[in-house]
Amino acid sequence: MPELPEVESLRRLLARSVVGRTIVAAVVKEARLRRIVAPDLAVTIIGRTIEAIGRRAKYLLIELSGGYVLMVHLGMSGSLTHRGAAFGDPLNARHDHVELTLDDGSHLVYNDPRRFGLMVLLSPGEIETLAELKDLGPEPFAKEFNADYLWRISRGRKGAIKNLLMDQRIVAGVGNIYASEILFRARVRPTRRAGRVTRVEFARIAEKTAEVLREAVGSRGTTIISYRDSQGQPGGFATKLRAYDRGGEPCLECTTPIRQIVIGQRSSFYCPRCQK
DNA sequence: CTTACATCCTGATTGC
DNA sequence: TGCAATCAGGATGTAA
């Protein structure tokens, strides 16, 4: 489940492997993603050079020559792999939806079994007008994401603090896995009403948000089942999870069994003793 | 405005 | 053993 650390890991890998390459072919094999991929993508994209790879929240932004941007979201099960011209790097895998061929014979392939993701080619300047990006909250590493901000924005809110953290308009990039991890480290129960979280607790939440995400980026993300980076490798953070996917297992702080509940239709994990 | 919930989709897992 | 039901979840749209 790609969240900020997975997309950031992908960004870093692609920045090293495909920046400077020119796109020489593009094939859309399945356009029906969350947003329809332009079937004539090739018309505009061929001949453009990949100038930089950016990221905003969970969106990967492939910056092309001429001011175009190929915006990619991995949804739940998407992957973007860089398959070399090398032996043993097959194309045409099941659920390969978009294939870009680069000028060194390698391929950048978007694959997504569940098709919850998207790939959209933005015209120059279009990115500034996109509601999806405009409505996003601050990046978790930005200085404006702090205890005061969280305190201010949560006044009067009755929803669970976990849902607040996963709301992309509040903070960009936190998903279900890291929300549980952040609240475990901050020692705040995920069901707590956001409006009832104290300022001191918000300070811990802000601090732990950056800490967890930074560590996860350092481990190249979390692979529970399906996440793979652009080299086809799983992330290394799964073994470092303290709450997520540990239902019934002993809390690493106090040995109380970790509890699994559903909040906002999403599985959530917490220690009933450590998290108040 | 906020909150709750259904929806999209396929693969892995669980249950009988 | 095999098949059917269930679960997984990011973002969005609708309703209350």
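Labels below follow one simple rule: chain letters A, B, ... track the order of the sequence lines, proteins then strands, and each chain is numbered from 1. This structure is a prediction, so every number in the text was calculated from the model and none was measured.
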Is A:Arg169 atom CZ crowded by more than 12 heavy atoms from other residues, nucleotides or ligands, each under 6.0 Å away? no
Would you kindly compare A:Glu132 and A:Met76 by the position of their nearest DNA chain C nucleotide and give the one closer to the 5′ end? A:Met76
Output the rounded distance in Å from CD (A:Glu3) to C1' (C:dA8). 13 Å
To the nearest angstrom, how far is A:Gln260 atom CD from C:dT6 atom P? 17 Å
Take atom NZ in A:Lys158; do more than 12 heavy atoms of anything else shown fall under 6.0 Å from it? no
Looking for any heavy atom pair under 4.0 Å, which part of the strands does A:Ser77 touch: base, sugar-phosphate only, or nothing? nothing
What's the closest nucleotide to the A:His73 side chain, out of C:dA8, C:dG10, B:dT3? C:dG10
Apply the side chain to side chain contact (heavy atoms under 4.5 Å, CB included) test between A:Leu74 and each candidate in A:Leu60, A:Asn111, A:Leu10; give the one that qualifies. A:Leu10
N/O (side chain, A:Tyr227) to phosphate O (OP1/OP2, C:dG9) under 4.0 Å: no
Would you give a per-nucleotide map of nucleotides 6-13 of chain B, 5' to 3', where B means the base has a protein non-hydrogen atom under 4.0 Å away, S means only the sugar-phosphate does, and - means neither? B-BBBS--
A:Arg155 has an atom CZ; how far is it from atom P of B:dC1, in whole Å? 19 Å
Is it true that A:Tyr244 and A:Val217 fall in one hydrophobic cluster, defined by side-chain heavy atoms closer than 4.5 Å? yes
Note: contacts of residues 164-178 of chain A with DNA chain C (heavy atom, under 4.0 Å) are A:Met166, A:Gln168, A:Asn176
Under 6.0 Å from the CZ atom of A:Arg32, do we count more than 12 heavy atoms belonging to anything else shown? no
Does A:Arg259 have more than 12 heavy atoms from other residues, nucleotides or ligands lying within 6.0 Å of its CZ? no
A:Lys58 side-chain proximity, nearest of B:dT3, C:dA8, C:dG10: C:dG10
Roughly, in whole Å, what's the span from CG in A:Leu4 to P in C:dG10? 13 Å
Run through A:Ile161, A:Asp148, A:Val188 and flag the one making a side chain to side chain contact (heavy atoms under 4.5 Å, CB included) with A:Phe202. A:Ile161
Any salt bridge between A:Glu181 and A:Arg242, counting N to O under 4.0 Å? no
Given A:Phe184 and A:Glu253, is the side chain to side chain contact (heavy atoms under 4.5 Å, CB included) satisfied, shown in steps? CA-CA 10 Å; A:Phe184 176 83; A:Glu253 297 290 332; 3.9 Å; yes
Could you tell me whether A:Glu6 contacts a base, only the sugar-phosphate backbone, or nothing, with contacts defined as non-hydrogen atoms closer than 4.0 Å? nothing
